[in-house]
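Each chain gets a letter, A, B and so on, in the order the sequences are listed, and its residues count up from 1.
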2 protein chains.
Amino acid sequence: MTVTLADVAARAQVSPATVSRVLNGNYPVAAKTRERVLRAVDELDYVLNGPASALAAATSDLVGILVNDIADPFFGIMAGAVQSEIGGQPDGRAGGERLAVVCNTGGSPEREITYLTLLQRQRAAAVVLTGGAVENPAHVEAVSAKLRRLADAGTRVVLCGRPPVPGTDAVAITFDNRGGGQRLTEHLIALGHRRIAYIAGPEERTTTRHRLEGHRDALAAHGIEDDPRLTVHGPYDRRSGYDATLELLRRDRSLTAIVAANDTVALGACAALRDEGLRIPDDVSVAGFDDLPFSIDAVPALTTVRLPLAAAGARAGRIAMGREERPPGGIATVQGELMVRGSTAAPRG
Amino acid sequence: MTVTLADVAARAQVSPATVSRVLNGNYPVAAKTRERVLRAVDELDYVLNGPASALAAATSDLVGILVNDIADPFFGIMAGAVQSEIGGQPDGRAGGERLAVVCNTGGSPEREITYLTLLQRQRAAAVVLTGGAVENPAHVEAVSAKLRRLADAGTRVVLCGRPPVPGTDAVAITFDNRGGGQRLTEHLIALGHRRIAYIAGPEERTTTRHRLEGHRDALAAHGIEDDPRLTVHGPYDRRSGYDATLELLRRDRSLTAIVAANDTVALGACAALRDEGLRIPDDVSVAGFDDLPFSIDAVPALTTVRLPLAAAGARAGRIAMGREERPPGGIATVQGELMVRGSTAAPRG
DNA sequence: CTGTTAGCGCTTTCAC
DNA sequence: GTGAAAGCGCTAACAG
């Protein structure tokens with residue numbers, strides 16, 4: 001029923017081994033033979049059996065990409081960039097191509113481990129973990145153990161937008177979330193703000209913690225008290241920004257600026273402020289983080305910290321494919337760039 | 001070096017066959033034996049070899065999802081929804097789980113075919129094609145042939161947000177783009193607009209054509225001339241909306257409304273209008289399509305057509321897994337809902 | 001440059 | 001309920 005390598009070999013009057021060599025192109029084959037084989041492949045409409053080939057060669061052309069939420073452009077951009085680099089030579093033929101297995105963890109530690117196991121089962125050629133990590137000690141250890149196993153099995157592991165995992169030698173492309181957070185809050189302070197609220201991401205996450213720490217560093221550096229009532233935690237979504245803003249306003253109507261954990265949250269905050277009849281930035285300044293594509297079109301345009309998501313993803317992809325050397329020490333820190341736009345201004349009065 | 005089924009069998013003092021049966025759980029195994037096997041699996045930290053198992057069983061647990069652009073939430077939302085439905089029972093264990101292979105075609109017909117071949121090679125359990133299709137006859141035929149082959153090989157094929165492919169019996173969940181486009185333009189006409197510009201998507205695409213046809217249907221139904229100078233084509237991105245708007249304004253400063261191919265394009269249009277000193281909707285009304293999450297936060301909030309992307313993706317996922325019956329005739333049309341918001345109003349004067 | 005020969009690690013009849 | 005044995009389709013030494 002289904003055409004196999006042997007069928008092609010028979011038709012081309014060569015041995016299966018030769019067909020395999022032609023298809024993989026890693027071996028010298030006479031031009032005429034190769035042509036004959038290729039013709040047979042075409043005529044028979046033959047498609048290689050991936051699992052069989054993976055089994056025999058003990059490698060696969062699958063690359064895993066772990067993301068928190070594929071519907072979030074933050075992850076989509078990185079995933080797309082990784083994928084654009086893992087493909088084979090752009091010769092159109094379906095050879096040498098690698099497939100991206102995108103795994104949506106939803107931020108759940110259990111799913112993260114489950115997916116890593118599944119990828120290990122597939123004998124993935126590489127795995128790229130994107131976004132912040134959960135800091136729970138048990139989970140950190142579990143991830144570390146998994147990554148070690150994967151590496152032992154020959155899977156290349158790269159972290160993108162995530163801090164290094166202790167106990168592994170996985171390459172890490174990390175974002176300087178702390179520095180970005182600090183510059184953002186410093187910008188607000190320079191503008192004259194003192195009552196600055198902070199809508200943080202979910203607890204126990206590296207990204208959340210680093211950005212928040214940067215914010216606090218800035219406050220401390222300027223002798224501004226860090227009022228715990230001005231910090232609220234929530235998921236990285238619009239709703240969280242909306243609700244948190246209402247809550248913050250309830251707690252302290254005198255706040256003059258809101259820094260959000262990311263741009264999506266910031267948009268929610270803007271919506272809440274408008275619904276409360278407050279103007280941005282006249283009454284309250286708002287800032288985000290990431291500089292996602294829609295942020296520049298917000299009205300007013302959102303002040304934020306631009307993260308080179310596509311560049312980082314592409315680099316992670318290249319390293320995962322062994323096409324770029326690992327950075328010194330196995331870790332590369334990428335800076336965010338402060339983008340000052342219309343959503344922040346000096347406080348009134 | 002690497003632990004195999006045989007190792008587990010030896011340790012549990014059973015045959016490899018029994019271990020396989022325990023792991024797959026499709027066969028009766030004595031409770032005590034099963035327990036012994038599971039313990040051995042744990043102790044040895046054994047992970048099934050996916051390729052080997054796929055080869056022997058002639059099936060894999062990979063599900064392909066073709067998208068135009070994973071960084072675009074339009075596709076990210078559908079892909080995420082598909083993925084949420086293809087997972088196994090949510091029992092935490094890594095069994096019965098299916099992995100989503102997300103393939104970024106970038107809208108290129110060649111890459112679409114390449115990826116379908118790659119998925120065929122992987123013996124994917126199912127393939128979901130999302131978004132509009134390229135209408136080039138040669139490509140349509142190529143896709144049709146590929147899908148037939150996939151189906152023959154036992155891969156379930158589902159189209160999500162894409163019209164049926166002739167010559168195949170792939171299930172199609174399609175969006176009523178035409179109806180949506182029509183209602184949108186009718187809304188504008190009802191408001192009093194007559195000079196309505198249209199920024200269409202790329203040519204030769206079903207989505208582009210259907211939305212545009214809906215727009216023209218509405219114009220025709222109201223006896224409004226369809227001035228070809230008021231239609232511009234471009235990719236589905238912000239830049240296209242921006243540039244097209246400038247071009248349209250250059251051609252005819254008297255236009256009072258702009259309908260964009262989708263929300264992203266609409267945002268670009270809004271930006272261009274603002275840069276030209278025009279107010280929305282006072283000077284020019286703007287409408288989008290899709291109702292992506294950020295559209296409600298645009299200022300003014302974007303009038304658009306809401307597509308139930310997540311619901312459609314989830315349904316496609318369920319059908320792909322055989323967990324939901326195919327709709328009558330193999331095709332289900334999903335309506336879009338007109339969302340009237342602040343970006344559209346009656347023309348001045 | 002090409003053919004021969006063993007497996008890769010698992011599933012699955014078929015017996016017991 | 002469990003074991004034995006025969007492949008699944010391909011790759012990778014080895015020869016030649």
Side-chain angles (χ1 to χ4, degrees), chain A residues 1-38 40-41 44-62 94-96 118 120-123 125 153-154, chain B residues 1-38 40-41 44-62 94-96 118 120-123 125 153-154:
Chain A
M1 160 85 223
T2 151
V3 184
T4 72
L5 224 190
D7 299 329
V8 176
R11 174 140 198 154
Q13 313 204 60
V14 294
S15 74
T18 299
V19 177
S20 171
R21 296 197 260 252
V22 170
L23 261 24
N24 292 297
N26 325 322
Y27 246 75
V29 175
K32 272 164 68 174
T33 315
R34 130 182 257 90
E35 197 182 316
R36 199 140 38 89
V37 170
L38 256 17
V41 166
L44 261 31
D45 205 10
Y46 169 69
V47 174
L48 196 69
N49 183 315
S53 129
L55 173 57
T59 58
S60 89
D61 45 8
L62 260 28
L118 252 19
Q120 181 183 0
R121 173 185 297 189
Q122 295 297 333
R123 305 302 190 250
Chain B
M1 160 86 219
T2 151
V3 184
T4 73
L5 224 190
D7 299 328
V8 175
R11 174 142 199 152
Q13 312 206 57
V14 294
S15 73
T18 299
V19 177
S20 171
R21 295 197 259 253
V22 169
L23 260 24
N24 291 298
N26 326 321
Y27 263 97
V29 174
K32 272 163 67 175
T33 313
R34 127 183 259 90
E35 196 183 317
R36 201 142 34 89
V37 169
L38 256 18
V41 166
L44 262 33
D45 205 9
Y46 170 69
V47 174
L48 197 67
N49 183 314
S53 131
L55 172 59
T59 60
S60 88
D61 44 9
L62 259 28
L118 252 19
Q120 181 182 359
R121 172 185 297 188
Q122 295 297 335
R123 306 300 190 252

Q: Starting at OG1 of Thr33(B), measure out to CZ of Arg21(B) and round the result to the nearest 0.5 Å.
A: 10.5 Å

**Q.** Nearest listed nucleotide, side chain of Asn49(B), among dG9(C), dG1(D), dT11(C)
**A.** dG9(C)

Q: State, yes or no, whether a side-chain contact exists between Val22(B) and Val41(B) at a heavy-atom distance under 4.5 Å.
A: no

**Q.** Residue mapping more 5' on DNA chain D - nearest nucleotide basis, Arg123(B) or Arg36(B)
**A.** Arg36(B)

Can you give me every donor-acceptor pair (side chain of residues 5-12 of chain B, partner residue at least two apart or in another chain, under 3.5 Å) with its distance?
{"unit_1": "Asp7(B)", "atom_1": "OD2", "unit_2": "Thr4(B)", "atom_2": "N", "d": "2.8"}
{"unit_1": "Arg11(B)", "atom_1": "NE", "unit_2": "Glu43(B)", "atom_2": "OE1", "d": "2.8"}
{"unit_1": "Arg11(B)", "atom_1": "NH2", "unit_2": "Glu43(B)", "atom_2": "OE1", "d": "3.1"}

Q.
For dG1(D), does the base pair up with any side-chain atom of Arg34(B) as donor and acceptor (N or O, under 3.5 Å, distance only)?
A. no

Q) Is Thr33(A) near enough to dT2(C) that one of its side-chain N or O atoms lies under 4.0 angstrom from OP1 or OP2? A) yes

Q. Starting at the 5' end of DNA chain D, which residue's closest nucleotide do you reach first, Arg21(B) or Leu55(B)?
A. Arg21(B)

Q | dG9(C) OP1/OP2 closer than 4.0 Å to side-chain N/O of Thr4(B) | A | no

Q: Remember a base hit wins even if backbone is also touched, and classify Ala58(A) as base, sugar-phosphate or nothing at under 4.0 Å, heavy atoms.
A: nothing

**Q.** Residue Ala52(A), side-chain heavy atoms: nucleotide from dC10(C), dG9(D), dG1(D) that is nearest
**A.** dG9(D)

Q: Establish, with yes or no, whether the OP1 or OP2 oxygen of dG3(D) is under 4.0 angstrom from a side-chain nitrogen or oxygen of Ser15(B).
A: yes

Q. Using a cut-off of less than 4.0 Å, is there contact between a side-chain N or O of Asn24(A) and OP1 or OP2 of dT11(D)?
A. yes

Q: Between Ala57(A) and Leu23(B), just flag the one whose closest nucleotide in DNA chain C comes earlier from the 5' side.
A: Ala57(A)

Q.
Are the side chains of Leu62(A) and Leu62(B) in contact, using a 4.5 Å heavy-atom criterion?
A. yes

Q | dG9(D) phosphate, OP1 or OP2, under 4.0 Å from Ser53(A) side-chain N/O | A | no

Q | Spacing between Leu5(B) atom CG and dC8(C) atom C1', to the nearest angstrom | A | 13 Å

Q.
Using whole Å, what does the distance between atom C1' of nucleotide dG9(C) and atom CD of Gln120(A) come to?
A. 15 Å

Q: Take atom OH of Tyr27(B) and atom C1' of dT11(C), then tell me their distance rounded to the nearest Å.
A: 9 Å

(Q) In this structure, how many angstroms lie between the P atom of dC1(C) and the CD atom of Glu35(A), rounded? (A) 15 Å

**Q.** Integer-rounded Å distance: dT11(C) C1' and Asp61(B) CG
**A.** 14 Å

Q: Check the distance between dT13(C)'s C1' and Asn26(B)'s CG and give it to me in whole angstrom.
A: 15 Å

**Q.** Whole angstrom value for the distance that separates P of dG9(C) from CG of Leu48(B)
**A.** 12 Å

Q: Answer whether the closest heavy-atom distance between the side chains of Arg121(B) and Leu118(B) falls below 4.5 Å.
A: yes

Q) Taking the side chain of Val29(A) as heavy atoms from C-beta outward, which of dT2(C), dT11(D), dG9(C) is closest to it? A) dT2(C)

(Q) Using the side-chain heavy atoms of Val14(B), tell me which of these nucleotides is nearest: dT11(D), dT2(C), dG3(D). (A) dG3(D)

Q: Would you confirm whether Ser60(B), through its side chain, and Arg123(B), through its main-chain N or O, come within 3.5 Å as a donor-acceptor pair?
A: yes

Q) Does Thr18(A) have a side-chain nitrogen or oxygen under 4.0 Å from the phosphate oxygens OP1 or OP2 of dT2(C)? A) no

